Amino acid sequence: QKRIITFGTFDVFHVGHINILERAAKLGNYLIVGVSTDALNYSKKQRYPVYSEADRMKIISSLKCVDQVFAEHSLDLKREYLIEHKADVLVMGDDWAGKFDCFKDVCEVVYLPRTPSISTTEIIEVVKSR
Ligand code: C2G
């Protein structure tokens, strides 16, 4: 078994999110997703996500390509999460390129290209302007 792990907020779920999850899943045969909590988002951005962590976790766990979901409470626990979930590969979008290279002693680290021209921030702006 090859276990893949990835992390994200996945707020206002969109096609860029499913694209990275499907590509991550193809790198192995078991995909685990750490969904960042509302509190973690607040501490990073001083605002809460549009969708609650319960809803975001429900959406992610309903996807065909996802096998397991857990709450990511802190960015500082990444090493512990990788070990706890016995990850073989950590996958992140290339907006994080290089940032997780320090975990190459625990697992393989892969950055995949982001889907162009779509983001939660942009969706929020478009909806606001209507
Ligand atoms: N993503 C993508 N293409 C987009 C938008 C997002 O491939 N157009 C990817 C990001 O690169 C990331 C994942 O989708 O790998 C989730 O994105 P976010 O919800 O923005 O995640 P983020 O807030 O960066 O949380 O521990 C790390 C954090 O939890 C990451």
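Whatever order the structure lists ligands and atoms in, that order sets their numbers, starting from 1. Just so we're clear, the structure is a prediction, and the values are computed from it rather than from any experiment.
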Which side-chain N or O atoms in residues 90-108 pair as donor and acceptor under 3.5 Å with protein atoms at least two apart or in another chain?
unit_1, atom_1, unit_2, atom_2, d
D94, OD1, R114, N, 3.3
D95, OD2, R114, NH1, 3.0
D101, OD1, Y111, OH, 2.7
D105, OD1, R79, NH1, 3.4
D105, OD1, R79, NH2, 3.4
D105, OD2, R79, NH1, 3.0

key: Salt-bridge criterion met for E72 and K78 (N-O under 4.0 Å)   = yes
request  = Starting at OH of Y30, measure out to NE2 of H85 and round the result to the nearest 0.5 Å.
outcome  = 9.5 Å
request  = Please report the shortest heavy-atom distance between R56 and T9, naming the atom on each side.
outcome  = NH1-O, 2.9 Å
Short N or O contacts of ligand 1 with protein, under 3.5 Å, listed by atom name?
unit_1, atom_1, unit_2, atom_2, d
ligand 1, 3 (N), T115, N, 3.1
ligand 1, 8 (N), T115, O, 2.8
ligand 1, 8 (N), I118, O, 2.6
ligand 1, 11 (O), D95, OD1, 2.7
ligand 1, 15 (O), G93, N, 3.0
ligand 1, 19 (O), T9, N, 3.1
ligand 1, 19 (O), F10, N, 2.8
ligand 1, 21 (O), T9, N, 3.4
ligand 1, 23 (O), T9, OG1, 2.9
ligand 1, 24 (O), W96, NE1, 3.1
ligand 1, 26 (O), E72, OE1, 3.3
ligand 1, 26 (O), E72, OE2, 2.6
ligand 1, 26 (O), K78, NZ, 2.5
ligand 1, 29 (O), E72, OE1, 2.6

request  = Report the residues that fulfil ring-ring contact (aromatic ring centres under 6.0 Å, His included) with H17, sequence neighbours left out, ordered by chain and then residue number.
outcome  = F10, F13, H14
request  = If you link ILVMFWY side chains whenever their heavy atoms are less than 4.5 Å apart, which other residues fall into the same cluster as L40? By chain and number, please.
outcome  = L75
